[in-house]
Protein chains: 2
Amino acid sequence: MKFQRHNAIRELVAHSLVANQDELRRKLRRRGFEVTQATLSRDIHELRLSKGPAGYALPAAASAGETAIDDGPPSVAEVLESFGLRVRQAMNQVIISTVMGGAQPVAAALDHEEWPTVLGTIAGDDTVLVICTDPRRAAEVESRLRAMLES
Amino acid sequence: MKFQRHNAIRELVAHSLVANQDELRRKLRRRGFEVTQATLSRDIHELRLSKGPAGYALPAAASAGETAIDDGPPSVAEVLESFGLRVRQAMNQVIISTVMGGAQPVAAALDHEEWPTVLGTIAGDDTVLVICTDPRRAAEVESRLRAMLES
DNA sequence: CAGAGGCTTGCATACTTATTCATTGCGCTG
DNA sequence: CAGCGCAATGAATAAGTATGCAAGCCTCTG
């Protein structure tokens, strides 16, 4: 039974140190599951476990109960369309106003696209502060964002 | 040049997919670091990276909580060494990019040291905005932080 | 300067994990 | 029942990672 074995693996990994697949194989055998390392390699892949300095670990997202992994992070354009309200600029800074709770996703999308003239972003609840290299670039960034917002 | 290489590795792992050590070796080579897989294996161990279905990943920001409880508030240098990825400057501002979850500890350390030319800091999840009195001082702060990062 | 000690690295290789290929068992369909 | 498709698996092996060892460099000390 593959499913029961998967549960046993999850439990072993969560509650004890499992340094490698052969150790996992021996621990499973004591619980009545007798399989080879090849099968465990596949199981681990299916369970999306990760291996670090402290042995195998459950995927962080899964334990938090999230469904994060679909097809990739959303683009700035997408997320602005959903949350963006207004874009303004001053000096080398651009301020994006969003609906409540929309700042974080917008900033994350912006960070992810790594625009060269954007040094960094800081997000509150409904405002994103975008720091650019200089006022001129900030104006460019502003108009680009504004174009997205108004598309 | 071990330290700079470590920083480059952190940044590559944070911002791009690194499926295995040989891929990491090639990406580092394009940045001017020429080392063998053996060295990378050791680096990865020292950086406590973990490998999952999506390639290598930085250690969870949980390590932020652990470092806090020992002998006193961590210095900027310490915390930058753990979390810092990149430092840049524009106008009177300095932007510190960190590992996810690393911005708060960095800002706290910076606040605690009370540098005279730093008026204040704002931290998001992975970005710290440092406001300085003027552009000249900001450049000084930047180079000081950068020196710590690359020490 | 010679030499000890410590750190970093590459090479070669042991160890660990992923994959290919073949086999088996099960359910379905004609 | 024969034939087919398909999921699960093991054996063998390829791919990837860790490590023992020795060399090269520093710094320090006598």
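To find a chain, count down the sequence lines: A is the first, B the second, and so on, and within it residues start at 1. For clarity, every value in this text was computed on a predicted model and none was experimentally measured.
In this view, B:His6 and B:Lys2, B:Asp43, B:Glu46, B:Leu47 satisfy the side-chain contact (heavy atoms from CB on, under 4.5 Å) rule, not counting sequence neighbours. For the salt bridge (Lys or Arg N to Asp or Glu O under 4.0 Å) test, no residue two or more places apart in sequence or in another chain qualifies with A:Arg30. For B:Asp22, the side-chain hydrogen bond (donor to acceptor under 3.5 Å, both in side chains) criterion is met by B:Arg25, B:Arg26, not counting sequence neighbours. Listed by chain and number, the residues in a side-chain contact (heavy atoms from CB on, under 4.5 Å) with B:Ala8 are B:Leu28, B:Phe33 (sequence neighbours excluded). A search for salt bridge (Lys or Arg N to Asp or Glu O under 4.0 Å) contacts involving B:Asp125 returns nothing, not counting sequence neighbours. With sequence neighbours excluded, no residue satisfies salt bridge (Lys or Arg N to Asp or Glu O under 4.0 Å) with A:Asp111. Considering only residues two or more places apart in sequence or on other chains, A:Glu23 meets the salt bridge (Lys or Arg N to Asp or Glu O under 4.0 Å) condition with A:Lys27.
First and last contacting nucleotides of DNA chain C toward chain A (any atom under 4.0 angstrom from a heavy atom, 5' to 3' order): C:dT16 to C:dT20.
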Donor-acceptor list for residues 126-141 of chain B side chains, cut-off 3.5 Å, not counting sequence neighbours:
residue	atom	partner	partner atom	Å
B:Thr127	OG1	A:Thr121	O	3.4
B:Asp134	OD1	B:Arg136	N	3.0
B:Asp134	OD1	B:Arg137	N	2.9

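With the end axes of the helix from C:dC1-D:dG30 to C:dG30-D:dC1 each set by five pairs, the angle from one to the other reads 0° at 10° resolution.
Near DNA chain D, meaning a heavy atom under 4.0 Å from it, residues 35-57 of chain B has B:Gln37, B:Ala38, B:Ser41, B:Arg42, B:Lys51, B:Tyr56 in order of number. Sorted by residue number, the list of members of residues 18-26 of chain A with any non-hydrogen atom under 4.0 Å from DNA chain D is empty.
Within the model, atoms CD of B:Gln93 and CG of A:Asn92 stand 4.0 Å from one another, a figure rounded to the nearest 0.5 Å. The distance from atom OG of B:Ser41 to atom CG of B:Leu24, rounded to the nearest 0.5 Å, is 11.0 Å. Distance check: A:Ser97 OG to A:Arg88 CZ gives 6.0 Å after rounding to the nearest 0.5 Å.
The local environment of CD1 in B:Ile122 is sparse, with at most 12 non-hydrogen atoms from other residues, nucleotides or ligands closer than 6.0 Å.
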